Amino acid sequence: MKNKEVAEIFNKVAALLEIKGDNPYRIRAYQRAAQVIEALTTDVEELAKQGKLERLPGIGPDLASKIKEILRTGTLSLYEELKKEIPPVLLTFLEIPGLGPKKVKAIYEKFGITSIEELEKACKEHKIAKLPGFGWKTEENILKGIKLFREKIGRRPLGEILPLAEKITEILKKESPVENISIAGSIRRRRETVKDIDVLITSTEPEKVMKKVVELPLVEEIIAFGETKTSVRVKAGQSTIQMDIRVVEPDSWGAALAYFTGSKAHNIRVRELALEKGLKINEYGVFKGETKIAGKTEKEVYASIGLPFIPPELREDRGEIEAALQGKLPKLVEYNEIIGDGHVHSKYSDGTASLEEIMEKAEKLGLSWVAVCDHSQSLKVAGGVPVEDLFKKKRRIEELNKRSSKVKLIFGAEVDILSDGTLDYPDEVLKEIDFVIAAIHTGFQQSEEQITNRIISALKHPLVHAVAHPTGRVIGERDPYAVNLSKILEVAAQYGKALEINAYYKRLDLNDVNARAAKEKGIPLIIGTDAHFIDQMEYIHLGTAVARRAWCEKKDILNTLSYEEFMNWLKKLRANSR
DNA sequence: GCCGTTTTCGGCCCGACTGTTTTCAGTCG
């Protein structure tokens with residue numbers, strides 16, 4: 001998949017053109033193209049071969065030929081030219097909060113500054129304030145921005161921030177005069193990482209709400225304090241995260257919620273549609289001339305331009321507008337339709353919970369089954385289960401299942417795919433294990449061909465049901481291993497094997513785009529929390545969120561099956577694999 | 001640079017806030 005590389009070059013070209021001061025619409029064209037390509041569920045290379053690039057929205061003759069150039073040469077002549085004109089380090093300046101393309105350009109052209117250190121020095125020596133359009137406050141803000149940049153306050157995993165955001169809204173609900181309150185922004189869309197916390201409120205006493213916000217003990221710094229908009233930095237683990245609170249009139253609730261939920265790209269498309277109908281949409285409502293015709297609910301806002309309600313998880317301009325127009329939006333799998341957890345570790349390997357504790361937790365979470373998939377024998381660092389213990393575990397699960405009517409445990413194993421592509425238990429053992437999910441935990445440095453072939457041979461193994469965390473990425477820590485995912489998807493589809501949506505907040509693997517590609521190929525998906533501590537079973541909804549962002553319906557997700565249905569699916573798959 | 005029941009040029013989403021200004025540019029979401 002060259003999709004990422006192509007998208008990255010287009011994004012960089014867009015940023016360089018911004019600093020250059022090029023036509024903003026040309027810049028947007030590159031940004032949109034990058035977004036479209038990144039969200040593709042097919043190989044851009046494949047589309048190029050078939051001559052179908054220009055069928056993609058936002059890709060015309062020029063960008064199509066530029067994509068082909070990147071695929072052919074690995075780079076883009078325009079990009080190389082731009083890099084000669086503008087030092088690429090300036091792109092990192094754009095990541096400093098408060099610095100945009102115009103200011104970066106001015107600073108570079110006046111002082112030739114090409115490193116963060118030089119920029120910091122120039123601010124401290126008050127050189128920057130002398131530039132036209134700059135002042136002492138700007139200098140101060142750049143220095144603050146540099147500090148935040150150095151603390152690497154970029155995007156944080158959703159699983160870290162969502163609980164904090166929910167806690168804050170709970171406090172505000174209880175202790176201040178709010179009528180309506182909702183989390184908005186990328187958290188509401190359930191993006192895998194988020195940059196800030198957006199909270200939308202209606203209240204008849206906004207000043208009291210805002211006062212309560214800035215008095216929260218979690219608040220470390222007040223960035224802006226107004227009656228309708230307040231921005232603060234709140235403590236989040238080791239560092240801080242920005243939180244924007246906005247208060248609107250109840251009549252604007254829907255319009256504001258839609259607006260602040262985004263994504264930006266989705267909003268732009270919605271507003272373009274409105275324009276075609278002679279309407280104007282802003283955060284206060286939908287307007288025909290001076291008259292407001294909608295705005296109280298999101299449903300009303302969408303309806304005003306002839307669209308059904310679009311779930312927040314889909315609002316990324318990845319085809320949801322077109323689907324909505326044609327009445328072809330998927331009926332997304334619901335959070336409460338997930339009644340099983342496909343991947344949990346127990347004390348038998350490196351988990352901390354006993355089987356009993358897992359059962360108890362599952363009941364609390366309203367689940368009806370849990371597949372207990374401990375590591376296999378050779379993964380010693382993770383307490384891989386030796387064969388003799390495996391059968392103790394099997395008997396124990398059978399006993400517990402007899403006693404419990406509400407929750408059933410499934411005897412599973414997360415079996416290592418060894419460096420040579422063979423599995424970490426012999427076949428006569430594997431066939432006794434009810435659910436075999438194979439995974440790679442070693443040999444990450446192997447070539448794309450080696451790793452891809454390892455996974456393919458596991459998928460082809462008649463006793464394997466699924467592959468766990470298929471790309472191996474860990475958000476913010478480790479890139480995916482080199483793997484040809486298109487080939488994996490092809491084989492999984494051909495053999496009817498399942499792929500995991502790992503719900504651990506740092507994995508979320510498959511991610512939304514890849515899970516959507518799998519869904520489109522008819523590959524069954526199974527959500528597993530990969531819990532090693534009992535409370536991590538609560539992350540199951542993060543996996544559901546990925547599935548929803550992947551346009552999945554109930555039928556696409558194995559976790560919506562009852563215990564009996566899932567056991568049948570497992571048996572049938574093996575019967576057909578013989 | 002894309003796009004078209006306003007088809008091959010002239011559009012391209014919208015508003016708030018900040019800081020530097022004296023009417024507005026830049027940044028952000």
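As the structure is a prediction and not an experimental result, all values here were calculated from the model. Letters A, B, ... are given to chains in the order of the sequence lines, protein chains preceding strands, and every chain is numbered from 1.
- Annotation: the span from A:I146 atom CD1 to A:E117 atom CD amounts to 8.5 Å, rounded to 0.5 Å.
- Comparing B:dT5 with B:dG1, their C1' atoms are spaced 24 Å from each other, to the whole Å.
- When the nucleotides B:dC14, B:dG29, B:dC2 are ranked by their closest atom to the side chain of A:P61, B:dC2 comes out on top.
- Comparing B:dT27, B:dT20, B:dC17 against the side chain of A:K137 picks out B:dT20 as the nearest.
- Among the heavy atoms of the strands lying under 4.0 Å from A:N282 are primed sugar atoms or P, OP1, OP2 only; no base atom is included.
- A cation-pi arrangement is absent between A:K130 and A:F134 under the rule of less than 6.0 angstrom and at most 45 degrees off the ring axis.
- Phosphate proximity of B:dC28 to A:K264: absent, as no side-chain N or O sits under 4.0 Å from OP1 or OP2.
- Here the C1' atom of nucleotide B:dG11 and the CG atom of A:L273 are 16 Å apart, to the nearest Å.
- In the interface, the side chain of A:N23 is paired with the base of B:dG1 through a donor and an acceptor atom under 3.5 Å apart.
- When the P atom is compared between B:dC17 and B:dC12, the two are found 25 Å apart, to the nearest whole Å.
- Partner assigned to B:dT8 is none, using Watson-Crick or G-U wobble distances below 3.5 angstrom.
- Applying the 4.0 Å criterion to OP1 and OP2 of B:dT20, one finds that A:T138 has a side-chain N or O inside that range.
- For the atom pair CE (A:M243) and CZ (A:R233), the distance works out to 11.5 Å, reported to the nearest 0.5 Å.
- The side chain of A:Y25 contributes no N or O atom lying less than 4.0 Å from OP1 or OP2 of B:dC2.
- Note on A:K102: only backbone sugar-phosphate atoms sit closer than 4.0 angstrom, heavy atoms only; bases stay farther off.
- Listed pair A:Y259 / B:dC28 fails the phosphate criterion, with no side-chain N or O lying under 4.0 Å from OP1 or OP2.
- Residue contacts shown for A:P24 are absent, as no nucleic acid heavy atom lies under 4.0 Å away.
- Using a 4.0 Å cut-off, no side-chain N or O of A:R271 falls inside it from OP1 or OP2 of B:dC12.
- When the nucleotides B:dG1, B:dG29, B:dC17 are ranked by their closest atom to the side chain of A:R26, B:dG1 comes out on top.
- Counting any heavy atom pair closer than 4.0 Å across all strands shown, A:K105 reaches no nucleic acid atom.
- Residue-level contact check: A:P132 touches neither bases nor backbone, having no heavy atom under 4.0 Å from any strand.
- One atom, CZ of A:F260, and another, C1' of B:dC13, lie 14 Å apart when rounded to the nearest Å.
- Across B:dG26 and B:dT20, the matching C1' atoms stand 10 Å from one another, rounded to whole Å.
- When the nucleotides B:dG26, B:dC13, B:dC2 are ranked by their closest atom to the side chain of A:K103, B:dG26 comes out on top.
- Taking atom P in both B:dC2 and B:dC13, one finds a spacing of 16 Å when rounded to whole Å.
- Looking at heavy-atom distances under 4.0 Å, A:G185 makes no contact with the nucleic acid at all.
- No cation-pi contact links A:R26 to A:F10, judged by a cut-off of 6.0 Å to the six-membered ring centre and 45° from its axis.
- For the salt bridge (Lys or Arg N to Asp or Glu O under 4.0 Å) with A:E192, the qualifying choice from A:R507, A:R473, A:R156, A:R549 is A:R473, the only one to do so.
- Picking from B:dC17, B:dC13, B:dG15 the nucleotide with the shortest atom distance to the side chain of A:R28 gives B:dC13.
- Between the C1' atoms of B:dT21 and B:dT27, the separation comes to 16 Å (whole Å).
- Side-chain atoms of A:R188 and A:R315, non-hydrogen and from C-beta on, do get closer than 4.5 Å to each other.
- For A:T228, taking side-chain heavy atoms from C-beta onward, the closest of the listed nucleotides B:dG1, B:dC13, B:dC17 is B:dC17.
- Residue contacts shown for A:L99 are limited to sugar-phosphate atoms, with no base heavy atom under 4.0 Å away.
- Here A:I268 lies in heavy-atom contact (under 4.0 Å) with a base.
- With distances taken from any side-chain atom of A:E283 to the nucleotides B:dG15, B:dG1, B:dG19, the minimum falls on B:dG15.
- Phosphate contact (OP1/OP2 of B:dG19, side-chain N/O of A:N141, threshold under 4.0 Å): present.
- One finds a side-chain N or O of A:K66 lying less than 4.0 angstrom from the OP1 or OP2 phosphate oxygen of B:dG1.
- Here the separation of B:dT22 from B:dA16, taken at their P atoms, is 23 Å to the nearest Å.
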